[in-house]
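What follows is one structure encoded as structure tokens, with my remarks underneath.
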Amino acid sequence: MPPGIMAGFDSFGLFAAMQERYDPSLIERAAQQNWEQTRAFKAREDSAKPKYYCLSMFPYPSGKLHMGHVRNYTIGDVLARFHLMQGYSVLQPMGWDAFGLPAENAAMANNVAPAKWTYANIDHMRGQLKALGLAIDWEREIATCQPGYYKWEQWLFTRLFEKGLVYRKNATVNWDPVDETVLANEQVIDGRGWRSGALVEKREIPMYFFRITQYAEELLNELDQLPGWPEQVKTMQRNWIGKSYGVRFAFRLAGEPDNLLWVYTTRADTIMGVSFVAVAAEHPLAARAAANNPALAAFVEECKRGGVAEADLAALEKKGMDTGLKVVHPLSGEEVPVWVGNYVLMGYGEGAVMAVPAHDERDFHFAKAYGLPIRQVIAAAGEEFSLDAWQEWYGDKTRGACVNSGKYDGLAYEAAVDAIAADLKALNLGDKQVQFRLRDWGISRQRYWGCPIPIIHCESCGDVPVPEQDLPVVLPEDVTITGRGSPLAKMPAFYECACPKCGKPARRETDTMDTFVESSWYYARYACPDADQMLDERANHWLPVDQYVGGIEHAILHLLYSRFFHKLMRDEGLFGAEHVVQGRATASAQSSSVKGEGANAGPKSLPTPTLPTSGEGANAGPKSINEPFTNLLTQGMVVAPTFYRDGADGKKQWLNPADVDVTTDERGRPVGATLKADGQPVVIGGTEKMSKSKNNGVDPQLLIDSYGADTARLFMMFAAPPDLQLEWSDAGVEGAHRFLKRLWKAVYDHVQAGGGAAAPSGELPAPLKDFRRQLHQTIAKVTDDYGRRKQFNTAVAAVMELMNALAKLPEDANTPALRQEALETVTLLLAPIVPHVCEALWSGLRPGTRLLDQAWPRADAAALTVDEIELVVQINGKLRGSIRVAAGADKAAIEAAALATEAAQKQLNGAAPKKIVVVPGRLVNIVA
RNA sequence: GCCGGGAUGGCGGAAUCGGUAGACGCAGCGGAUUCAAAAUCCGCCGCUGGAAACAGUGUGGGGGUUCGAGUCCCCCUCCCGGCACCA
């Protein structure tokens with residue numbers, strides 16, 4: 001028998017006794033088995049407790065888990081477990097964003113069917129997720145590639161089609177002329193197809209669109225109803241929706257007064273400064289002018305080269321060419337030329353813009369480059385207009401007034417726009433208009449591995465939605481992916497069908513949906529994954545999601561589309577009004593300050609929560625059926641150092657950090673690195689997002705295998721706050737593991753020594769009293785960090801500090817009891833982050849009970865009181881000393897004590913202070 | 001290009017509402033233990049000067065507001081995320 005006691009299992013399936021050595025694999029297996037056998041995380045609709053729906057963005061099943069997943073899911077799990085301990089009925093589900101491009105790429109690379117590849121990946125990754133010990137209700141797992149899931153997506157599509165919220169129009173895509181296929185933006189590299197290397201062209205094809213613009217106003221306005229979202233994300237969405245107030249008006253074509261060229265502008269006040277009009281290369285006027293102008297035709301062709309990604313287009317050099325056409329200025333009657341500009345986007349607004357070079361920076365540079373006139377029509381006091389260079393104020397609508405603008409001279413922005421809009425309206429050539437930057441959502445994809453669009457094209461009946469009884473349109477799984485064309489369009493067995501209306505032979509749509517569609521409603525399906533309708537009454541119980549956790553990269557598209565879908569489903573009556581809205585987490589229990597509870601509360605006393613609470617205000621209040629995610633946490637990336645050598649072919653050969661040794665100088669600064677294999681130097685690159693291309697990924701599996709899931713979870717939570725990027729560090733992992741070993745030893749030693757009473761009794765000597773105050777401050781701090789701040793690194797740090805203090809606690813009659821209280825508390829506080837080891841420690845501290853059944857600890861207000869506090873003394877804002885005063889000391893006493901300090905006497909040198917600032921509980925600043 | 005962020009010791013980070021900059025951890029240095037090493041434990045640790053006490057200085061760069069600025073305002077640099085077909 002080795003020293004210590006061998007671990008045995010009790011009736012809970014947990015440890016009856018602790019062994020001396022911290023053995024993560026044993027502990028984690030036992031804890032996970034116990035949770036699984038007791039179905040500990042099954043979410044129930046019939047609970048009397050308030051509900052808390054905690055959701056992490058589901059993964060794409062790419063093959064194996066990466067560190068970003070570990071981080072994402074640990075954050076979600078910490079919040080879920082914290083709320084579980086706070087007395088909530090928690091739903092934390094998991095599933096798979098299973099459709100998408102990588103499965104088709106894998107199919108080509110490895111000659112494996114996308115379905116088979118995807119399901120194999122899911123099986124592997126599910127095992128990896130389970131090894132992390134997440135408090136997930138696995139009985140609700142969904143995969144979006146299953147017909148049982150996408151059937152309802154197709155069903156909603158047909159409903160929206162009937163309502164006119166889905167329509168068909170042409171859109172521009174990246175076309176690879178060699179592979180004869182449409183490319184995703186990421187498949188266009190430097191203007192060429194990634195596989196064929198062919199120059200990519202723009203091509204117009206018909207696509208289905210969701211009319212998201214119909215919801216633009218609501219999507220914009222309801223951002224104000226989301227106090228639980230980061231301001232940053234709401235700002236990005238506001239800007240993306242881009243509501244603008246402007247004027248839409250028309251120019252008549254010179255000599256063809258019935259032919260109108262419409263433009264939209266937010267700067268109608270500068271209309272008298274228009275010196276040309278620019279249209280997109282795809283604009284009908286451009287095509288018309290190019291018909292008998294070979295040079296222009298060549299330019300239009302040039303504009304059609306390259307991809308459609310807006311980031312690339314915006315970075316292009318601004319180019320243009322005169323069409324030779326002229327239009328008549330609606331107010332001045334002057335003729336202005338029409339140009340084709342490569343910077344004008346056909347898909348945005350009218351595909352044409354009025355150009356005012358004097359007051360638009362882009363137009364200014366364009367006019368200078370092509371020698372077009374620049375006419376100043378706005379003047380600002382104290383500023384001089386010069387054609388030499390662009391100045392900020394030229395484009396500032398808050399400054400100045402109209403000049404050189406005839407009857408509008410002297411009018412400021414608003415008055416000028418009003419007058420000009422009124423005049424255009426009188427001419428029947430325009431009016432004020434509110435416009436959105438947001439465009440309708442094109443969802444057609446010419447790909448195989450996606451949800452089939454449930455439409456049948458009939459020569460007589462047109463586009464006919466597939467009737468409900470024929471859904472789902474099942475995606476055939478036995479296909480060969482070649483990378484050329486669309487696989488479904490080559491399968492007559494798939495597309496040959498009869499028209500549901502007239503019965504004549506018809507052709508089934510062979511495009512599939514954007515995978516963003518599946519991810520736009522999965523959060524709702526988790527409420528009722530087995531329902532034989534899109535959503536059932538369980539959605540009313542669980543929605544909205546109380547806490548959503550995921551990467552900041554989804555700030556706009558995914559989160560906007562999900563908000564849109566939520567409103568679509570609401571308007572379809574899938575949840576909301578007619579259902580009873582109940583089971584809301586109305587536990588109002590806002591954090592209440594301890595400060596007010598005692599007259600002599602310490603300076604650093606923190607809020608104490610009452611049970612149950614989620615700790616954030618946004619979670620309370622009436623349940624909204626308008627928004628899917630009440631609180632949002634956006635997590636940063638996981639990054640790691642990179643190392644490389646210059647290969648013989650001139651390309652960099654990237655080396656994995658695990659294979660490299662870094663050497664440091666005597667201060668620990670890195671001075672060089674060598675490859676472990678050959679001891680020869682390598683180049684230290686930058687710190688970058690973990691990726692295959694830079695070979696700087698660290699496999700979470702290795703981490704879990706060698707240290708255990710708890711160490712992985714602890715490192716992830718401790719290394720950085722959730723919203724910042726997290727830098728990978730092997731040494732940091734070691735440190736996290738060391739802490740768990742120390743914690744284990746502290747509890748083991750305590751239990752071996754006979755443990756202690758549940759709590760100390762009677763008056764404690766000062767060091768013990770101080771420690772107990774720190775203990776209860778830590779409870780308050782950690783509770784606030786988990787609940788309100790959602791910042792876990794500081795929670796861990798506070799517990800580490802407490803453990804450091806515990807190790808220095810003097811021995812007294814009450815010490816074992818105090819130690820018992822401290823260790824029990826620490827175990828509970830850390831349980832959301834490192835649940836397995838805490839479960840084992842708890843069974844050591846309280847044999848026969850299970851940690852999962854314990855309530856969250858509460859700070860004892862009595863333990864938090866202090867008699868005396870320390871205040872910093874500053875002279876002219878510089879730290880010069882400190883004083884100790886009674887906790888309730890008044891301002892006069894504090895000032896007197898501060899003035900009496902040696903530092904103050906020396907600095908003042910007999911003179912009277914000019915001013916004394918007393919910051920209660922913090923400092924005194926004497927202004928000499 | 002446009003929109004949104006970020007920058008604090010050798011490193012990750014802390015400082016929550018404008019109030020002691022550097023908590024906690026890593027690395028490093030010194031010591032204990034050991035035949036030795038690993039592990040563990042104790043101590044030191046922004047920079048400059050000083051034996052020390054202490055003084056000066058310091059939060060990407062420049063300016064400003066304030067008794068007091070890492071935090072607020074203006075300008076700039078670099079890095080990161082998104083830009084509608086990667087997810």
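A quick note: this is a predicted structure, and the numbers were derived from the prediction, not measured. Order of the sequence lines fixes the chain letters, A, B, ..., with proteins taken first and strands second; residue numbering starts at 1 for each chain.
The side chain of A/Glu727 lies closest to B/G12 when the candidates are B/G12, B/G19, B/A15. Among the nucleotides B/A39, B/A27, B/C24, the one closest to the side chain of A/Ala731 is B/A27.
A cation-pi arrangement is present between A/Lys169 and A/Phe209, with the terminal nitrogen or guanidinium carbon under 6.0 Å from the aromatic centre and inside a 45° cone about the axis.
Ion pairing of A/Glu180 with A/Arg203 is absent here, as no side-chain N (NZ or NE/NH1/NH2) approaches a carboxylate O to less than 4.0 Å. The existence of a salt bridge linking A/Lys891 and A/Glu895 is confirmed by a sub-4.0 Å separation between a basic side-chain nitrogen and an acidic carboxylate oxygen. Using a 4.0 Å cut-off between charged nitrogen and carboxylate oxygen, A/Arg445 and A/Asp511 do not count as a salt-bridge pair.
Across all strands, A/Met803 comes closer than 4.0 Å to no nucleic acid atom at all (heavy-atom distances). Among the atoms of the strands shown, only primed sugar atoms or phosphate atoms (P, OP1, OP2) are found under 4.0 Å from some heavy atom of A/Asn804. Within the 4.0 angstrom heavy-atom criterion, base atoms lie near A/Glu553. Within 4.0 Å (heavy atoms only), A/Pro721 reaches sugar-phosphate atoms of the nucleic acid but no base atom. At a threshold of 4.0 angstrom between heavy atoms, the contacts of A/Gly442 are confined to the sugar-phosphate backbone, with no base atom among them. At the heavy-atom level, A/Phe516 lies under 4.0 Å from base atoms of the strands shown. In this structure, A/Val872 reaches the bases: a heavy-atom distance under 4.0 Å links it to at least one base atom across the strands shown. Across all strands shown, A/Gln791 has heavy atoms under 4.0 Å from sugar-phosphate atoms exclusively, and none from any base. Nucleic acid contact class of A/Phe718 (heavy atoms, under 4.0 Å, all strands): base. Nucleic acid contact for A/Met57: none, since no nucleic acid atom lies under 4.0 Å from a heavy atom of the residue. Within the 4.0 angstrom heavy-atom criterion, no nucleotide atom of any strand lies near A/Ile916. Across all strands, A/Val173 comes closer than 4.0 Å to base atoms (heavy-atom distances). Using a 4.0 Å heavy-atom cutoff across all strands shown, A/Ser444 reaches at least one base atom of the nucleic acid. Contacts of A/Leu923 with the nucleic acid, taken as non-hydrogen atoms under 4.0 Å apart, include base atoms.
Taking the O4'-C1'-N9-C4 or O4'-C1'-N1-C2 dihedral as appropriate, B/C17 has a value within 90° of 0 and is therefore syn. Base orientation for B/G60: anti, the chi torsion being more than 90° from 0.
Distance check on atom C1': B/C41 versus B/C79 gives 41 Å, rounded to whole Å. B/G22 and B/C45: their C1' atoms are spaced 12 Å apart (whole Å). Nucleotides B/G82 and B/G19, compared at atom C1', are 38 Å apart to the nearest Å. Going from the P atom of B/U20 to that of B/G30 covers 35 Å, rounded to whole Å. B/U48 and B/A7 have their C1' atoms separated by 24 Å, with the value rounded to a whole Å. Comparing the P positions of B/G61 and B/U8 gives an interatomic distance of 10 Å, to the nearest angstrom.
When the P atom of B/A87 is taken as reference, atom OH of A/Tyr561 falls 12 Å away, rounded to whole Å. Between the CG atom of A/Leu879 and the C1' atom of B/A15 there is a distance of 15 Å, rounded to whole Å. One can place NE2 of A/His554 at 12 Å from P of B/C86, the figure rounded to the nearest angstrom. Following rounding to the nearest Å, A/Gln635 (CD) and B/C80 (C1') show an atom-to-atom distance of 15 Å. The CG-C1' distance, from A/Asn174 to B/C86, rounds to 13 Å in whole Å. The separation between A/Gln907 atom CD and B/C67 atom C1' is 15 Å, rounded to whole Å. Distance, A/Phe792 CZ to B/G12 P: 22 Å, rounded to whole Å. Distance CD1 (A/Ile883) to P (B/U20): 15 Å, rounded to an integer number of Å.
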Next on the checklist: Quick one, A/Tyr561 with A/Trp441, criterion ring pair (Phe, Tyr, Trp, His ring centres under 6.0 Å). Give me CA distance, side-chain angles, the key distance, then yes/no.
Outcome noted: CA-CA 9 Å; A/Tyr561 292 151; A/Trp441 176 14; 3.6 Å; yes

Checklist entry - Would A/Phe718 and A/Phe792 satisfy ring pair (Phe, Tyr, Trp, His ring centres under 6.0 Å), going step by step from the backbone distance to the final call? => result CA-CA 7 Å; A/Phe718 181 59; A/Phe792 313 115; over 10 Å; no

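Among A/His737, A/Lys741, A/Glu734, the single residue meeting the side chain to side chain donor-acceptor pair (under 3.5 Å) criterion with A/Thr711 is A/His737.
The base of B/U20 is not paired with the side chain of A/Arg922 by any donor and acceptor separated by under 3.5 Å.
Considering all non-hydrogen atoms of both residues, A/Phe565 and A/Ser520 come closest at CB-O, 3.5 Å. What you find for A/Met717 and A/Ile833 is that their closest heavy atoms are CG-CG2, 3.9 Å.
Put simply, the side chain of A/Pro721 reaches to within 4.5 Å of the side chain of A/Asn793, judged on heavy atoms. A/Trp117 has its side chain out of reach of A/Asn105: every pair of non-hydrogen atoms, C-beta onward, lies at least 4.5 Å apart. Within the 4.5 Å cutoff, no side-chain heavy atoms of A/Lys243 are placed close to those of A/Arg238.
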Between protein and nucleotides 68-74 of chain B, what N or O pairs are separated by less than 3.5 Å?
none

Detail all sub-3.5 Å separations between protein N/O atoms and N/O atoms belonging to nucleotides 1-9 of chain B.
unit_1, atom_1, unit_2, atom_2, d
B/C3, O3', A/Asn239, ND2, 2.7
B/C3, O2', A/Asn239, ND2, 3.0

Between protein and nucleic acid, restricted to nucleotides 56-62 of chain B and to nitrogen or oxygen atoms under 3.5 Å apart, what atom pairs and distances do you find?
unit_1, atom_1, unit_2, atom_2, d
B/G56, OP2, A/Arg880, NH1, 3.4
B/U57, OP2, A/Lys878, NZ, 3.0

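With a 6.0 Å radius and a threshold of 12 heavy atoms from other residues, nucleotides or ligands, A/Lys318 has its NZ atom above the threshold. No more than 12 heavy-atom neighbours from other residues, nucleotides or ligands sit within 6.0 angstrom of NZ on A/Lys64.
A donor-acceptor pair shorter than 3.5 Å cannot be found between the side chains of A/Thr181 and A/Asp176.
Checking side-chain atoms of A/Tyr73 against main-chain N and O of A/Met57 turns up a donor-acceptor pair under 3.5 Å.
Partners of A/Tyr523 according to the ring-ring contact (aromatic ring centres under 6.0 Å, His included) rule, which considers only residues two or more places apart in sequence or in another chain, are A/His566, A/Phe629. Residues forming a salt bridge (Lys or Arg N to Asp or Glu O under 4.0 Å) with A/Arg21 (at least two apart in sequence, or on another chain): A/Asp23.
Sequence order on RNA chain B of the closest nucleotides to A/Val919 and A/Thr515 puts A/Val919 first from the 5' end.
For the OP1/OP2 pair of B/A84 and a distance below 4.0 Å, the side-chain nitrogens and oxygens of A/Asn185 include at least one atom meeting the criterion.
Stem analysis of RNA chain B (Watson-Crick or G-U pairs, both distances under 3.5 Å, runs of at least three) returns B:1-7 with B:77-83, B:10-12 with B:24-26, B:28-32 with B:40-44, B:46-49 with B:54-57, B:60-64 with B:72-76.
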